[in-house]
Asker: 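First, the structure itself, so that you have it in front of you.
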Number of protein chains: 2
Amino acid sequence: MADLNDIAVFVKVAQLGSFSRASHALGMPVSTVSRKVSALEAELGVTLLQRTTRKLALTSQGQDYFHECSEPLNLLFDAERVLTQTQRKPEGTLKISVPVVLGQDPFLEFISDFLKLYPRIKIDLFITNLFLDLIAENVDVGIRFGELKDSTLIAKKLGSQVRYVVASPEYLKDRKPPTKPADLGLHQCVLLNGKNNEAEWELLNGRKRAEIRVAGPISSRDFQSVSTFVYRGHGIGLLPSTYCNDKIEKGELVRLLPDWASRQLEVHAVYPTRNFLPSRLHVFLEALRAWKSPLWTLP
Amino acid sequence: MADLNDIAVFVKVAQLGSFSRASHALGMPVSTVSRKVSALEAELGVTLLQRTTRKLALTSQGQDYFHECSEPLNLLFDAERVLTQTQRKPEGTLKISVPVVLGQDPFLEFISDFLKLYPRIKIDLFITNLFLDLIAENVDVGIRFGELKDSTLIAKKLGSQVRYVVASPEYLKDRKPPTKPADLGLHQCVLLNGKNNEAEWELLNGRKRAEIRVAGPISSRDFQSVSTFVYRGHGIGLLPSTYCNDKIEKGELVRLLPDWASRQLEVHAVYPTRNFLPSRLHVFLEALRAWKSPLWTLP
DNA sequence: AATTACATTTCCATTTATGGAAAAATCGCA
DNA sequence: TGCGATTTTTCCATAAATGGAAATGTAATT
């Protein structure tokens, strides 16, 4: 196939009816314009332009070819303009994947505020605990708790989360509080993502580690629900510190086994490697970094 | 603007989902494909392809850009295919300009035969004695009698024409035949393109030249008509030898002043300079060269 | 877990394209 | 008719692109 840049040059010459004017318009020397048009004619085996040093006319084939090529070239130019404009402006669709625990008012409010700040951005939100291959699923960014698996993604740390063993005074009123982790097995617990309303809790105390099988009457998939049931005395919970600290201070919750806590989880925003970050992703990451989430503490 | 060839390469990679397959399809080394796609991304400031050495996926912007560019590139490819196909096959429209004297059955029959031979060719015929600028008027080919003026045209000699002074025996029956050119002024003459039924005839006899003002009752614009009136005894005519020789041999016409004749006119096919002759023009010129025209003798 | 196969990226010698200047040609004006 | 202005074409030193080989990295297989 002919050199596409030569075609664009030819079209510009045909439009302006002059090699000189075309060279000005294209920002290239007249000698280059001349050579490229001649090269195109040679490649096609067709005379497109009838020319002397002072006169220029399209041959009938040149006219046909010019008409056939003008529109596609305009479309290509438009495609580039739209692409680069979108890239530079915070606009377009962001596909975001977050775990179910984030699918709550605090995060939804954050998203709402973000969209009010950037009205040209659209959000396509996946709230799932399933592992998503961000590249294959064409997801722009995900939020991940805990260890990261996919090393081809870029990770930006958002914060960290530690969880405490807590219960309401009401729950504890008629009960003997646990004095060691194993005692939890004797208690009703409110679970996050329990299986058959059972779960394994891993607790650390310095170098000491305990794994306890716990059970309870209620299991839910997000900390909002879980914490509400804990607050209302339905059992002991293992809640992020951000859900507890205020209430513990106010006496509305009691921290149990205070020397023990969950393993500290790192929270990251992850996204596929890109040489050029779209503006919309860039501003989203910045907003995310600044957000005081109830689910993690800032670094 | 981005390098259009880079765009075409990107589109092929996106289509085939592989640099290697794209390099085979495009007949270029994989290193070139890689570099061109990277160059395009750099120029646009956008990551179009998400890639590891084993995985390739379009970013959402890459997908959009791919969809925007596929159709225009196909259109450009089609335009080239149509152009080069038309160039190689005898098809398309031929614009032909001929003087009025050719606008007769013999030439029209020639054109008819030509079109039957090449049914895909179309003829746009100008029968005019006006001088046409072939380039400006986008005329493919013209037939010219006499000296050529436009040096930027290519001329192919078709033949030559000389005209004789003749009259029918019927006309001469009761008249004294002319014995020198000046005597023609005393006779009725049948004119070609006369003004007010008068014309100037230039006759040569070796180095001798005579210019005679002649007049007559009939003037017409083509040799078919003129010769018919001469045959029927309406006066003396200055007819192309090709119209006379047979009839002179048969005694149906009498050549007068046999030492004198018109200046010899060269007949050419002329067409604008072209580095690449369309097939349709090429075959037309060959047919014209081979045609035994009543208006000129072959070289 | 290690190795192999295969794909993409990078490097460098060679080839090709470019841009500026000069040559050539044409048209308009005096 | 001749000259000057302007445009296109050609030439050549320089810059950039290319293609092949090697390097790098990833995924599949053993």
Side-chain angles (χ1 to χ4, degrees), chain A residues 1-10 12-43 47-59 62 133-136 149-154 272-275, chain B residues 1-10 12-43 47-59 62 133-136 149-154 272-275:
Chain A
M1 188 167 183
D3 188 312
L4 295 173
N5 300 315
D6 294 354
I7 298 174
V9 169
F10 158 69
K12 187 60 69 176
V13 171
Q15 268 172 355
L16 301 181
S18 157
F19 282 63
S20 302
R21 280 203 286 270
S23 92
H24 290 320
L26 294 167
M28 68 171 57
V30 143
S31 51
T32 304
V33 173
S34 174
R35 187 192 306 115
K36 282 174 118 43
V37 173
S38 297
L40 180 62
E41 287 176 322
E43 171 70 25
T47 300
L48 300 169
L49 288 162
Q50 218 26 266
R51 49 204 187 265
T52 63
T53 57
R54 284 295 227 180
K55 246 183 200 165
L56 200 65
L58 282 161
T59 62
D133 182 337
L134 298 192
I135 297 175
K149 294 193 190 70
D150 199 329
S151 62
T152 59
L153 300 178
I154 294 188
T273 307
R274 280 180 178 241
N275 290 326
Chain B
M1 190 168 180
D3 188 312
L4 294 174
N5 300 314
D6 294 354
I7 299 174
V9 169
F10 158 69
K12 185 62 68 177
V13 171
Q15 268 172 355
L16 301 181
S18 156
F19 282 66
S20 302
R21 282 204 284 270
S23 92
H24 290 322
L26 294 168
M28 68 170 59
V30 143
S31 52
T32 304
V33 172
S34 173
R35 188 191 305 117
K36 281 174 117 44
V37 172
S38 297
L40 180 62
E41 287 176 321
E43 170 70 24
T47 300
L48 300 168
L49 287 161
Q50 212 35 262
R51 50 201 187 271
T52 64
T53 56
R54 283 296 227 176
K55 248 186 199 166
L56 203 66
L58 282 161
T59 63
D133 182 335
L134 298 192
I135 299 176
K149 296 192 186 69
D150 200 328
S151 62
T152 61
L153 302 178
I154 293 187
T273 307
R274 279 177 178 244
N275 290 326

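Letters go in sequence order (proteins before strands), and every chain restarts at 1. Since this is a predicted model, take the numbers as computed values, not measurements.
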Asker: What's A:Ser38 touching, base or sugar-phosphate or nothing? Going by heavy atoms closer than 4.0 Å.
Answerer: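 The answer is nothing, as A:Ser38 stays clear of every strand by at least 4.0 Å.
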Asker: Quick check for you: to the nearest 0.5 Å, what is the distance between B:Asp6 atom CG and B:Glu41 atom CD?
Answerer: 10.5 Å
Asker: Is the phosphate of D:dG25 approached by B:Arg51 (side-chain N or O, under 4.0 Å from OP1 or OP2)?
Answerer: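 It does not, given that no N or O in the side chain of B:Arg51 lies less than 4.0 Å from OP1 or OP2 of D:dG25.
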Asker: Nearest 0.5 Å, what's the CG-CZ distance between B:Leu58 and B:Phe10?
Answerer: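 Here the rounded value is 5.5 Å.
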Asker: Rounded to the nearest 0.5 Å, what's the gap from NZ on A:Lys36 to CG on A:Asp3? Could you check?
Answerer: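 One gets 5.0 Å once the value is rounded to the nearest 0.5 Å.
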Asker: Can you tell me how far P of C:dA25 sits from CG of A:Leu56, to the nearest Å?
Answerer: 18 Å
Asker: Polar atoms only, N or O, under 3.5 Å: list the protein pairs with nucleotides 12-22 of chain D and their distances.
Answerer:
residue	atom	partner	partner atom	Å
D:dT18	OP1	B:Lys36	NZ	2.9
D:dG19	OP2	B:Thr32	OG1	3.0
D:dG19	N7	B:Arg35	NH2	3.4
D:dG19	O6	B:Arg35	NH2	2.6
D:dG20	N7	B:Ser31	OG	3.1
D:dG20	O6	B:Ser31	OG	3.1

Asker: For D:dT9 and A:Ser34 - does any side-chain N or O of the residue sit under 4.0 Å from the phosphate oxygens OP1/OP2?
Answerer: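 A:Ser34 to D:dT9 OP1/OP2: side-chain N or O found under 4.0 Å.
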Asker: Tell me: CD of B:Gln50 to P of C:dT9, nearest whole Å?
Answerer: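 These atoms are roughly 11 Å apart.
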Asker: Rounded to the Å, how far apart are A:Leu26 CG and C:dA17 P?
Answerer: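 Those two atoms, CG and P, are 18 Å apart.
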Asker: Please give, in whole Å, the distance from D:dT6 P to A:Leu16 CG?
Answerer: 19 Å
Asker: Please report the distance, rounded to the nearest Å, between CG in A:Leu40 and C1' in C:dA17.
Answerer: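 Value for this atom pair: 16 Å.
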Asker: What are the two closest heavy atoms between A:Gln50 and A:Thr59, and how far apart are they?
Answerer: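 That closest heavy-atom pairing would be NE2-CG2, 4.1 Å.
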Asker: Can you measure A:Phe19 atom CZ to D:dT7 atom P for me and round it to whole angstrom units?
Answerer: 13 Å
Asker: With a 4.5 Å cut-off on side-chain heavy atoms, are B:Val9 and B:Met28 touching?
Answerer: yes
Asker: Whole angstroms only, please: what is the CG-P distance between A:Leu49 and D:dT8?
Answerer: 10 Å
Asker: When rounded to the nearest 0.5 angstrom, what distance separates CD in A:Glu43 from CE in A:Met1?
Answerer: 9.5 Å
